[in-house]
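Here the structure comes first, spelled out in structure tokens, and everything after it is commentary.
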Amino acid sequence: MPEQHFGPGRPHPPTAAATLLSLLTALALILALAGTAGAEPGNNRPSHPERDWMGSTVRAHEGERGPAAKGNSLPGFPSTGTGLPDLSLGGPKLGASVEGVDVSSHNGNVSWSKLWNSGVRFSYTKATEGTSYTNPYFSQQYNGPYDAGMIRGAYHFALPANSSGATQADYFVDHGGGWTDDGWTLPGVLDMEYNPYGSTCYGLGTDRMIDWIADFLDTYRGHTGRDAAIYTSTTWWKKCTGNYGGFARYNPLWVPRYGSSSGELPKGWDFYTFWQYTDTGSTVGDHNRFNGSLSRLKALAYG
């Protein structure tokens with residue numbers, strides 16, 4: 001039946017049924033708005049973002065080591081007998097690696113001079129989580145390493161169940177996750193790990209998870225011109241993406257494994273760019289190695 005069109009003219013008085021329908025519609029709208037107040041799209045705000053940081057869920061799910069090593073030990077670093085490479089100041093030196101840390105609000109104000117004096121030369125700081133949380137210590141944790149002479153960067157803790165990858169990339173870039181061609185700013189990092197609020201893979205199948213990650217990475221590149229790195233464990237990546245290898249060509253890998261080697265890597269990556277080798281290191285807990293010389297790290301910052 002053709003749609004009826006009522007042109008300009010004297011308005012018709014509403015019927016009792018129409019009035020009731022309007023009242024019910026208005027009530028439904030009020031209830032819907034009340035139910036979503038303070039919520040992110042698709043889910044509630046994260047309830048404990050201060051407890052979510054790079055690798056915060058890994059040990060609980062994977063223990064000390066994670067997947068067995070397959071030839072990815074850090075050259076030149078023998079085992080200390082504690083499951084960690086010997087990275088003490090008196091230990092062996094390797095020109096093709098650089099010491100770094102990652103921090104978040106749970107670290108509070110960080111002593112960057114102490115870390116610099118211990119040999120740390122780069123740092124990553126958690127900037128955002130989902131689309132509602134920003135790190136209250138971000139300024140001190142992001143500008144502090146720069147002032148100390150370190151190369152620095154920012155990362156985003158992903159919540160794929162809450163909103164789209166593009167929406168979260170926008171939020172990240174708008175709240176500290178951008179990139180500057182100054183030689184001191186590293187490209188952003190997408191932290192993909194176990195869901196601290198529910199099911200391991202955030203309720204997404206492997207195809208949807210791959211699409212979500214691609215959405216974030218494409219949007220981030222559109223804003224900055226840089227390819228973000230991906231922080232993930234091999235075990236989580238296999239389970240939640242089906243061990244997808246399509247990002248390996250352009251997106252650097254940051255892998256956590258708390259032992260004497262980086263272990264098995266996700267499909268497609270022949271090497272890691274960053275390795276989080278311990279979560280119990282000096283001063284801040286999380287310590288990392290860049291897989292290359294300081295000049296290569298600076299080249300990554302320059303893009």
Side-chain angles (χ1 to χ4, degrees), residues 54-55 72 74-77 85 87 93-104 112 115-116 119-128 138 141-158 169 172-173 176-192 213-214 216-233 237 245-257 262 265-266 268-277 281 284 286-303:
M54 190 179 279
N72 291 300
L74 192 61
F77 285 91
L87 299 173
K93 306 296 181 183
L94 181 65
S97 64
V98 184
E99 178 79 358
V101 296
D102 62 87
V103 297
S104 74
W112 295 107
L115 286 168
W116 174 268
V120 172
R121 293 296 179 265
F122 73 91
S123 174
Y124 267 92
T125 302
K126 179 181 176 179
T128 51
F138 183 77
Q141 294 180 351
Y142 188 72
N143 296 322
Y146 175 86
D147 293 340
M150 300 179 194
I151 304 172
R152 48 66 188 287
Y155 75 87
H156 174 77
F157 194 99
F172 177 46
V173 170
W179 176 76
T180 303
D181 184 13
D182 58 3
W184 295 96
T185 305
L186 291 160
V189 175
L190 174 61
D191 181 357
M192 299 298 306
I213 295 170
F216 183 100
L217 297 175
D218 290 346
T219 303
Y220 183 81
R221 180 171 177 80
H223 283 303
T224 66
R226 297 302 309 273
D227 291 304
I230 299 173
Y231 172 96
T232 195
S233 79
W237 192 259
F247 299 122
R249 182 176 180 182
Y250 297 110
N251 300 100
L253 173 68
W254 192 333
V255 62
R257 188 171 186 268
S262 61
L265 302 181
W269 283 281
D270 296 326
F271 59 90
Y272 63 84
T273 298
F274 298 101
W275 167 29
Q276 187 185 60
Y277 67 85
V284 296
D286 288 352
H287 279 246
N288 306 274
R289 304 297 290 186
F290 171 73
N291 190 7
S293 65
L294 182 60
S295 64
R296 295 305 305 157
L297 182 63
K298 290 180 178 179
L300 178 62
Y302 271 117

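Just so it is clear, the structure is predicted and the values come from calculations on it, not from any experiment.
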Open item on the list: Has Thr224 got a side-chain atom pairing as donor or acceptor with Arg226's backbone, closer than 3.5 angstrom?
Closed with: yes

TODO: Determine the minimum heavy-atom distance between Ala301 and Ile151, stating which atoms define it.
DONE: CB-CG2, 4.0 Å

Task: Under 3.5 Å donor-acceptor, Thr219 side chain and Ala169 backbone - done: no

Task: pair Trp275-Asn288: side-chain heavy atoms closer than 4.5 Å - done: no

Task: Trp254 and Asp102 side chains, donor-acceptor separation under 3.5 Å - done: no

Open item on the list: If I take atom OG from residue Ser262 and atom OH from residue Tyr277, how far apart are they, to the nearest 0.5 angstrom?
Closed with: 14.0 Å

Open item on the list: Using a 3.5 Å distance criterion without hydrogens, assess whether the side chain of Asn291 forms a donor-acceptor pair with backbone atoms of Tyr272.
Closed with: yes

Task: Donor-acceptor pair, side chain of Trp179 and main chain of Gly188, under 3.5 angstrom - done: no

- [ ] Kindly indicate, with the supporting measurements, whether the criterion side-chain contact (heavy atoms from CB on, under 4.5 Å) is fulfilled by Tyr302 and Asp181.
- [x] CA-CA 6 Å; Tyr302 271 117; Asp181 184 13; 3.6 Å; yes

Open item on the list: Does any part of the side chain of Trp269, heavy atoms only, come nearer than 4.5 Å to the side chain of Ile230, both counted from C-beta?
Closed with: yes

Open item on the list: Which residue in the set Trp116, Trp184, Phe122 passes side chain to side chain contact (heavy atoms under 4.5 Å, CB included) when paired with Met150?
Closed with: Trp116

Open item on the list: Minimum heavy-atom separation for Arg152 and Pro145, please, with both atom names.
Closed with: CB-CG, 4.0 Å

Task: Nearest heavy-atom neighbours spanning Ala154 and Phe138 - done: CB-CE1, 4.1 Å

Task: Step-by-step side-chain contact (heavy atoms from CB on, under 4.5 Å) determination, Arg296 to Val98 - done: CA-CA 10 Å; Arg296 295 305 305 157; Val98 184; over 6 Å; no

- [ ] For residues Leu186 and Tyr124, determine if any side-chain heavy atom of one lies less than 4.5 Å from a side-chain heavy atom of the other.
- [x] yes

Open item on the list: If you define the side chain from C-beta out and look only at heavy atoms, does anything of Trp237 sit under 4.5 Å from Leu265?
Closed with: no

Task: Plane angle bin for Phe216 and Tyr220 - parallel if under 30°, tilted between 30 and 60°, otherwise perpendicular - done: parallel

Task: Rounded distance (nearest 0.5 Å) linking atom OG of Ser97 with atom CZ of Arg121 - done: 12.5 Å

TODO: Determine, step by step, whether Val101 and Trp112 satisfy the side-chain contact (heavy atoms from CB on, under 4.5 Å) criterion, reporting the C-alpha distance in whole Å, the side-chain angles of both residues, the deciding distance to 0.1 Å, and the verdict.
DONE: CA-CA 10 Å; Val101 296; Trp112 295 107; 3.9 Å; yes

Open item on the list: Could you tell me if the side chain of Tyr231 sits less than 4.5 Å from the side chain of Gln276, heavy atoms only?
Closed with: yes

TODO: Heavy atoms only: give me the nearest Met54-Asp191 pair and the separation to one decimal.
DONE: CA-OD2, 3.2 Å

TODO: Hey, could you give me the OG1/CZ distance between Thr273 and Phe290, rounded to the nearest 0.5 Å?
DONE: 6.5 Å

- [ ] Indicate the atoms forming the closest heavy-atom contact of Thr232 with Pro266, along with that distance.
- [x] CG2-CG, 4.4 Å

- [ ] Go through the steps for Leu300 and Phe274 under the test side-chain contact (heavy atoms from CB on, under 4.5 Å), then give the verdict.
- [x] CA-CA 12 Å; Leu300 178 62; Phe274 298 101; 4.0 Å; yes

Open item on the list: If the condition is salt bridge (Lys or Arg N to Asp or Glu O under 4.0 Å), which residues does Arg221 pass it with, not counting sequence neighbours?
Closed with: Asp227

Task: Leu217 to Ala228 - nearest heavy-atom pair and separation - done: CD2-CB, 3.9 Å

Open item on the list: Using only atom types and a distance under 3.5 Å, with no angle test, would you say the side chain of Ser104 pairs donor to acceptor with the backbone of Lys126?
Closed with: no

